[in-house]
Amino acid sequence: YMRKKRACFWVAESHGRIIGMVAAEPSDDPDGRTKVELKRLSVMKQHRGQGLGKALCRTVISFARQEGCAAVTLIVTVVQYSGQNLYKNLGFKKIYCFIPSSFVTWLL
């Protein structure tokens, strides 16, 4: 992410150890509007439920506003229920849902 123009990457630390991370990757829509894709949100299991994921998401949202972006987007898999709830509670709206056939095959 650091090699991509305008992209950012943040980590959360506790006692010198990385316990969470998130990335933001701006891109331009065909209509010329800039959006930011929230990527790679991850919090170590033992640190979940403490608001760290929410804080990391808010960091990306703040970054998008500072950059004048029209939207923050993300992709989450259907099995990430806690992630879906987090994003919904932050105001994200589901606009599309798909299940890749290779994913379904892997689950079967």
Side-chain angles (χ1 to χ4, degrees):
Y1 296 100
M2 297 308 296
R3 292 184 181 176
K4 294 182 180 181
K5 185 179 178 184
R6 303 179 351 221
C8 287
F9 188 84
W10 295 270
V11 296
E13 295 181 64
S14 177
H15 304 288
R17 298 188 66 184
I18 294 173
I19 60 170
M21 65 180 182
V22 70
E25 185 176 354
S27 63
D28 295 322
D29 282 339
D31 62 3
R33 296 182 319 150
T34 301
K35 63 180 182 178
V36 168
E37 185 174 356
L38 186 152
K39 294 183 151 200
R40 305 291 182 241
L41 176 64
S42 179
V43 175
M44 290 181 68
K45 287 182 183 179
Q46 62 267 36
H47 294 280
R48 293 180 186 168
Q50 301 171 14
L52 186 55
K54 187 181 290 187
L56 288 166
C57 287
R58 286 184 174 152
T59 298
V60 173
I61 293 166
S62 176
F63 168 77
R65 286 183 180 140
Q66 290 172 6
E67 293 293 309
C69 296
V72 177
T73 63
L74 59 93
I75 297 173
V76 62
T77 63
V78 294
V79 296
Q80 292 177 323
Y81 302 113
S82 60
Q84 290 181 46
N85 287 331
L86 169 66
Y87 302 132
K88 182 179 176 183
N89 290 335
L90 285 167
F92 284 87
K93 295 181 180 27
K94 188 186 302 185
I95 58 171
Y96 184 73
C97 183
F98 69 96
I99 301 173
S101 61
S102 61
F103 182 72
V104 173
T105 302
W106 181 76
L107 282 175
L108 296 174

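Here the structure is a predicted model, which means the values were calculated and not measured.
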Beyond-backbone contact of Leu41 with Tyr87, side-chain heavy atoms, under 4.5 angstrom: yes
Side chains of Asp29 and Lys35: does their closest heavy-atom pair fall under 4.5 Å? yes
Rounding to 0.5 Å, atoms CG (Leu38) and CG (Leu90) come to a distance of 9.0 Å
Value for SG (Cys69) from CD1 (Ile61), rounded to nearest 0.5 Å, stands at 12.0 Å
Which is it for Ser27 and Glu37 under the side chain to side chain contact (heavy atoms under 4.5 Å, CB included) test, yes or no, and what are the steps along the way? CA-CA 8 Å; Ser27 63; Glu37 185 174 356; 5.9 Å; no
Determine yes or no for a side-chain-to-main-chain donor-acceptor pair under 3.5 angstrom, with Asp31 supplying the side chain and Arg33 the backbone. yes
Just verifying a value: how many Å separate Lys39 NZ and Phe9 CZ, rounded to the nearest 0.5 Å? 12.0 Å
Residues 12-22, side-chain donor-acceptor partners within the protein, below 3.5 Å, at least two apart:
none

Under 4.5 Å between side-chain heavy atoms, hopping through other hydrophobics if needed: is there a path connecting Met44 to Leu86? yes
Say whether Leu56 and Val11 are linked into one hydrophobic cluster, either directly or through other cluster members, by side-chain heavy-atom distances under 4.5 angstrom. no
Heavy atoms of Ala7 and Pro26 approach each other most closely as CA-CD, 3.8 Å
Point-to-point distance, once rounded to the nearest 0.5 Å, from CD of Glu25 to CG of Leu74: 13.0 Å
Taking the side chain as C-beta and beyond, is there a heavy-atom pair between Lys94 and Gln84 under 4.5 Å? yes
For a quick test of reading the model, state the closest non-hydrogen atom pair linking Trp10 to Ala23 and the distance between them. CZ3-C, 4.5 Å
Is there a side-chain contact between Arg6 and Thr34, using heavy atoms and a 4.5 Å cut-off? yes
Tell me, yes or no, whether the heavy-atom count around Arg65 atom CZ, taken from other residues, nucleotides or ligands under 6.0 Å, exceeds 12. no
Is there side-chain contact between Val36 and Val60, with heavy atoms separated by less than 4.5 Å? yes
Is the shortest heavy-atom distance from the side chain of Phe63 to the side chain of Val72 under 4.5 Å? no
